[in-house]
Q: 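After the structure tokens below, expect a handful of questions from me.
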Amino acid sequence: MSRRNIITLVVMALLAVLPPVFYLTGNAFYLDLATRLTILAIAAVSLNLILGYGGLISFGHAAYLGIGAYAVGIPAHHWLYGGLESLGLATTSGYVQIPLAIGVAALFALVTGAICLRTKGVYFIMITMAFAQMMYYAIVSIEEYGGDDGLVIDSRSELPFIDLDDPLQLFGLAYVSLVVAMLIVRMIVNSRFGMVLRGAKGNNERVVMLGFNTYLFRLTAYVIAGAMAGYAGALLGNFTTFISPEMMDWGRSGELMFMVILGGTATLVGPVIGATLFIVLEEVLSSLTVYWHLPFGLLLLAVVLFGKGGIMGMLRADKEDSE
Amino acid sequence: MTMLETRSLMKSFGGIRATDDLTLSVEPGELHAIIGPNGAGKTTLITQLCGSQKPDSGTILYKGQDITRVPAHKRARLGITRSFQITSLILDMTVIDNIALAVQARQGSSFRLVRNARTISAIRDRAMELLTRVGLSDKANMVTSALSHGEHRHMEIAIALAAEAELMLLDEPMAGLGAEETRAMIDLLNGIKGQHTIVLIEHDMDAVFALADRISVLVYGHIIATGSPAEIRANKDVEAAYLGEESGAA
Ligand SMILES: Nc1ncnc2c1ncn2[C@@H]1O[C@H](COP(=O)(O)OP(=O)(O)OP(=O)(O)O)[C@@H](O)[C@H]1O
Ligand SMILES: [Mg+2]
């Protein structure tokens, strides 16, 4: 087995076992931490599809988390306070909320991606960020959903067989979702579609000359990544039960990018390692000192600048071509 | 039917007329070399033929069909492929993945998200066959950036072959090659010749006269002469404009 695969299995095994153990031994706090990082890891894995494998530096990925969370929060709000019954959007049913999260996120990705992908380089970065900020201000401006004060989700999504009010079950759902997300990304990047996507990252002109309309390939990947992050957002809403526009802020998008780069782009498990390290370090440092932002930032910068290929690069597991 | 024809093609960059009333015709199956001094507009011509740049005016006909406004990726599907003067490969992919992508392009839809591309033998076997043909089968699993310049040029040919293109536009395939490598490339092209129509841009005169069926001479974006290698050698205008200058400098 390759070094990369071993690391992937070890990381995923630890993530499956440790949090429930902590929880069952009376450290509920660590399970919370693990649930949060697992959900963010799903978003990071989805971002890696376009950033790592597609070379598309999207600086607006947190918008999809926000869309997903509000797709849970808004129907739950109307379920409690009335309104939107005619649209069937006054509900706590996961069967409505989760497809809504995925669908709206995919649609947002399709519309904005169609425009963003016409640009390159710095323009692409700026315009993805601008669209995400538009979403941010759109939510801020809606009084009914709390504006920038945010929205409390009084009742979590109702799903068959799973009770999301149980922290262990919520973690379990997040974990299984992460594994599925990783398998989907792995399948896509190794497919013929994935070869075109990766080729276009390395040398777009060449791939166009081979006869591929790389714009369509990139847009498709962009929509898939958006939909997956929208799903992660729905989980995040269920986890925090308090959502606000702040979760779509460009700083949040930057954090997701950081997780991907920190762990190692274009590797399956890199974003998971990145998300874990990010959340755990943030937690540890902020408990040690109130001035934790500076050392945290410096530490992250050091890994990104000096450890080429992120953590996976440092472990010499970033150069193997297949997963 | 003529394979490729341009009629009064024009393309300017600011004040520079890179393509100036350029009329050219390439017959099916021939190896048509285009020679001309640096900056004559050879690469600019190729970019217009393959569609990555649009001419200001004029017409490009491919097998009698007007393709002037057909985008690059569609021209590739029609059977036109180009190689790049400056090597254009996907450096962070393996050698075989580069070729496999070209094979994949040829074999129909790539909008397939499920099956692992590296397990599809129709693609892998064909890619390996092409690598063998250009003498690179032993390097198949190396990352492309690790290969030499000469080997990169051979990969370019393998990619052009993968397209099974009817029309291959080769922009200075010998650029930057040593004497040995140049000879290997001439042999390779000699093996391909006749199976595809080839437009060959080349500075190396020995290569051009060894390979070409016909030669066109491009000076300041305009074709001043077209003919067999013997005719071009004997042409006084060409000598004045180009060959003389070349032999004088050598
Ligand atoms: N994108 C561009 N913008 C401005 N000028 C350009 C551009 N491309 C080419 N030119 C100019 O057009 C002219 C023709 O360039 P081109 O690259 O086609 O020449 P060439 O015959 O291929 O030369 P070489 O033998 O050096 O490869 C040159 O004067 C060049 O500077
Ligand atoms: Mg040139």
Side-chain angles (χ1 to χ4, degrees), chain A residues 2 49-50 52-55 118 180-181 183-225 227-228 264-268 308-309 313 316 318-323, chain B residues 46-47 50-52 71-84 86-120 122-123 141-146 155-156 159-160 162-163 165 169:
Chain A
S2 72
L49 174 63
I50 51 177
Y53 293 101
R118 298 259 173 225
V180 171
L183 290 174
I184 291 174
V185 167
R186 183 175 79 157
M187 182 187 81
I188 291 174
V189 300
N190 287 326
S191 70
R192 279 168 275 182
F193 175 93
M195 291 296 153
V196 177
L197 185 69
R198 293 198 216 186
K201 172 197 175 188
N203 188 341
N204 186 51
E205 188 183 19
R206 158 54 79 191
V207 180
V208 170
M209 281 310 143
L210 290 176
F212 293 112
N213 184 352
T214 54
Y215 174 79
L216 281 183
F217 284 79
R218 286 173 160 168
L219 184 57
T220 305
Y222 198 79
V223 171
I224 293 170
M228 284 170 73
T265 54
T267 64
L268 191 60
K308 254 188 112 211
R316 299 190 185 291
D318 62 329
K319 284 284 178 287
E320 289 162 50
D321 211 59
S322 60
E323 303 273 358
Chain B
I46 294 277
T47 60
C50 73
S52 55
H73 68 270
K74 291 216 176 111
R75 288 191 206 188
R77 295 238 179 259
L78 289 175
I80 303 175
T81 188
R82 86 174 277 196
S83 79
F84 292 81
I86 298 160
T87 319
S88 180
L89 297 162
I90 305 158
L91 292 175
D92 58 351
M93 273 187 161
T94 60
V95 173
I96 192 157
D97 279 347
N98 266 270
I99 313 301
L101 197 56
V103 174
Q104 199 180 302
R106 171 69 197 159
Q107 294 189 347
S109 174
S110 278
F111 237 85
R112 297 281 182 275
L113 287 83
V114 177
R115 219 170 129 196
N116 188 325
R118 294 195 182 92
T119 63
I120 300 172
I123 294 173
N141 289 312
M142 286 172 71
V143 57
T144 302
S145 56
M155 282 178 69
E156 291 269 357
I159 288 169
L169 311 168

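In what follows, chains are A, B, ... by sequence order, proteins preceding strands, each numbered from 1.
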Q: Kindly indicate whether the side chain of B/Val114, heavy atoms from C-beta on, has any atom under 4.5 Å from the side chain of A/Met187.
A: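 The answer is yes, as the side chains (C-beta and beyond) meet within the 4.5 Å cut-off.
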Q: To check you understand the geometry: which heavy-atom pair defines the closest contact between A/Ser191 and B/Ala117, and what is its length?
A: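 Looking at all heavy atoms of both residues, the shortest contact is C-CB, 3.7 Å.
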Q: Looking at B/Leu89, B/Thr81, B/Leu91, which has the largest count of heavy-atom pairs under 4.5 Å with chain A?
A: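 The residue among B/Leu89, B/Thr81, B/Leu91 with the greatest pair count is B/Leu89.
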Q: Determine the option with the most heavy-atom pairs under 4.5 angstrom with chain A, choosing from B/Lys74, B/Arg82, B/Arg112.
A: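 Of the options given, most contacts go to B/Arg112.
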Q: Under a 4.5 Å heavy-atom cutoff, which of A/Ile184, A/Thr220, A/Leu210 has the most pairs with chain B?
A: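 Ranked by heavy-atom pairs under 4.5 Å with chain B, first place is A/Leu210.
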Q: Report yes if the side chains of A/Arg206 and B/Ile159 come closer than 4.5 Å at any heavy-atom pair, otherwise no.
A: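 Result yes, sub-4.5 Å side-chain heavy-atom pair found.
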Q: What closest approach, in Å, do B/Arg77 and A/Gly211 show between heavy atoms, and which atom pair accounts for it?
A: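 Residues B/Arg77 and A/Gly211, closest heavy atoms: NH2-O, 3.3 Å.
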Q: Does A/Val196 reach the side chain of B/Gln104, with side-chain heavy atoms less than 4.5 Å apart?
A: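 Of all side-chain heavy-atom pairs linking B/Gln104 with A/Val196, at least one is under 4.5 Å.
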Q: At a heavy-atom separation under 4.5 Å, does A/Leu216 approach chain B through its side chain, its backbone, both, or neither?
A: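 Both backbone and side chain.
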Q: With rounding to the nearest 0.5 Å, note down the distance linking CG in A/Asn203 to CD1 in B/Ile90.
A: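 Nearest 0.5 Å value for the CG-CD1 distance: 6.0 Å.
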Q: Locate the shortest heavy-atom distance separating A/Ile224 from B/Leu113; write the atom from each residue and the value.
A: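 So the two residues come closest at CD1-CD2, 3.7 Å.
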Q: Could you tell me whether the side chain of A/Met195 reaches within less than 4.5 Å of the side chain of B/Ser110, counting heavy atoms only?
A: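 They are not in side-chain contact.
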Q: Sort B/Ile120 into side chain, backbone, both or neither according to what part of it lies under 4.5 angstrom from a heavy atom of chain A.
A: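 It is the side chain, since no backbone atom gets that close.
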Q: Working to the nearest 0.5 Å, report the span between CE of A/Met209 and CZ of B/Phe84.
A: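 Those atoms lie 5.5 Å apart.
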Q: The criterion is salt bridge (Lys or Arg N to Asp or Glu O under 4.0 Å); which residues satisfy it with A/Arg192, sequence neighbours excluded?
A: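 Salt bridge (Lys or Arg N to Asp or Glu O under 4.0 Å) list for A/Arg192, sorted by chain: empty.
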Q: Given that the side chain runs from C-beta out, which part of B/Ala163 has a heavy atom under 4.5 Å from chain A: side chain, backbone, both or neither?
A: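 It is neither, since no heavy atom gets under 4.5 Å.
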Q: Evaluate the ring planes of B/Phe111 and A/Phe217, with Trp represented by its six-membered ring, and classify them as parallel (under 30°), tilted (30 to 60°) or perpendicular (over 60°).
A: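 Aromatic pair B/Phe111/A/Phe217 classed tilted.
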Q: List for me each residue that meets salt bridge (Lys or Arg N to Asp or Glu O under 4.0 Å) alongside B/Arg106, sequence neighbours excluded, and say none if there are none.
A: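 Partners of B/Arg106 under the salt bridge (Lys or Arg N to Asp or Glu O under 4.0 Å) test: B/Glu164.
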Q: Just so I understand: if I count every heavy-atom pair under 4.5 Å between each of B/Gly51, B/Ala162, B/Ala102 and chain A, which residue has the most?
A: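 Top count of heavy-atom pairs under 4.5 Å with chain A: B/Ala102.
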